[in-house]
Amino acid sequence: METTVSTSSAAPSVSVIIPVYNEQDVLPALFARLYPSLDALGVSYEILFVNDGSRDRSAQMLSEQFQARPDVTRVILFNGNFGQHRAILAGFAYCRGERVVTLDADLQNPPEEIGALLAQMDAGHDYVGTIRRQRSDSWWRHAASRAMNRLRERITRIKMTDQGCMLRAYSRRVIDLINQCSEMNTYVPALAYQFSQNPTEIIVGHEERAAGESKYSLYSLIRLNFDIVTGFSLVPLQLFSLGGMIVSVLSGLLVLYMGLRRLFLGPEEGGLFTLFAIAFLLIGLALFGIGLLGEYIGRIYQEVRQRPRYLVSAVLEQSNKDAAP
């Protein structure tokens, strides 16, 4: 069930969307840095916090922050945990700004960098990506990120230097196009890149997490990259089709060779383990291909069910009659 306090008609210049999931330890520091940073820009703004089913005190702290700054604060409360990207999509659906900035709640991307993104939009860019300077992540996160970036760019032709940085800015036109899409699993920055006419990237600062623990495990990163690859390219399926044709031709030649050898030289002695090795290799490739095909079919299954991407239990925002004249 969705409960919505009436919406203010005034459209701010900037909307900042922040997904929140079990971030009670970092929220006070985020509030202390975020609002002064936006106040210093001298533009009208709104901040949309999307609580993604937090099990700690995050929802209560967001409600208290709304009471403290109701003029610029809106809070979307999910009825469950639906994931970071669906939380961002909910923010896109509810935001009113002409320019939209997404930001993680963990303060690894400093909110003080928002002004740099808006400056690039003022220069005519409709989508601004970011590259983290001196990343403060573990070595395996660095290595996995570089490998996934190279693989993703080769398969999808989407060029994003740092796909793991959520500090990004979008024009209203790009946001409206994203809101027209209804797929269940997607990667928001890649979708925006496809819709943008004049994208760019800038380097921003990167800090250690202010408090708490990262919500992205290695498994989550793998799942995210499956969403990117299967959501934006058919190349993996095409590669397996091509590989299947090549293996079929080579298998036919091998059978022909073995038949001629038996005909002219007699039965072959030994070679059994070699045939086993070849058989296991082909079986492994077949199983991997079936698994990849299953990823695509699973996403088709999710789409045809047409279930809602998220459930909103409440939206906290200032009503028109309470807004300042």
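As a basis for the values below, the full set of heavy atoms in this structure was taken, side chains included, without hydrogen atoms, waters or symmetry mates.
- Of the charged side-chain nitrogens involved, none lies within less than 4.0 Å of a carboxylate oxygen, so that E98 and R172 do not count as a salt-bridged pair.
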- Go through the steps for C165 and I131 under the test side-chain contact (heavy atoms from CB on, under 4.5 Å), then give the verdict. CA-CA 7 Å; C165 187; I131 306 169; over 6 Å; no
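- In this structure, D52 contributes its side chain and V20 its backbone to no donor-acceptor pair below 3.5 Å.
- In this structure, P70 and T73 have side chains that are not in contact, with every pair of non-hydrogen atoms separated by 4.5 Å or more.
- Remark: aromatic rings of F31 and F49 are close, center separation under 6.0 Å.
- Using a 4.0 Å cut-off between charged side-chain N and carboxylate O, R69 and D39 make a salt bridge.
- In this structure, R168 contributes its side chain and L117 its backbone to no donor-acceptor pair below 3.5 Å.
- Panel note: side chain S37, backbone R33; a donor-acceptor pair is recorded below 3.5 Å.
- Looking at S15, its side chain never comes within 3.5 Å of a backbone N or O of E46 through a donor-acceptor pair.
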- Query: Should V188 and T102 be marked as a side-chain contact (heavy atoms from CB on, under 4.5 Å) after you check the CA-CA gap, both sets of side-chain angles, and the distance that decides it?
  - Reply: CA-CA 10 Å; V188 173; T102 56; 5.9 Å; no
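- Note: L103 CG to I18 CD1 = 5.0 Å, rounded to the nearest 0.5 Å.
- The pair R99-D122 meets the salt-bridge criterion, with a side-chain N (NZ, NE, NH1 or NH2) lying under 4.0 Å from an Asp/Glu carboxylate O.
- Of the listed residues (D126, N198, V128, V100), just one forms a side chain to side chain contact (heavy atoms under 4.5 Å, CB included) with S171, and that residue is D126.
- Using modelled atom types, one side-chain atom of N22 and one backbone atom of R55 make a donor-acceptor pair closer than 3.5 Å.
- Between the S13 side chain and the V43 main chain, no donor and acceptor come within less than 3.5 Å of each other.
- R74 contributes a side-chain N or O that, together with a main-chain N or O of Y94, makes up a donor-acceptor pair within less than 3.5 Å.
- The aromatic ring centres of F92 and Y170 sit less than 6.0 Å apart.
- Contact annotation: the side chain of V16 never approaches that of L48 to less than 4.5 Å [non-hydrogen atoms, C-beta and beyond].
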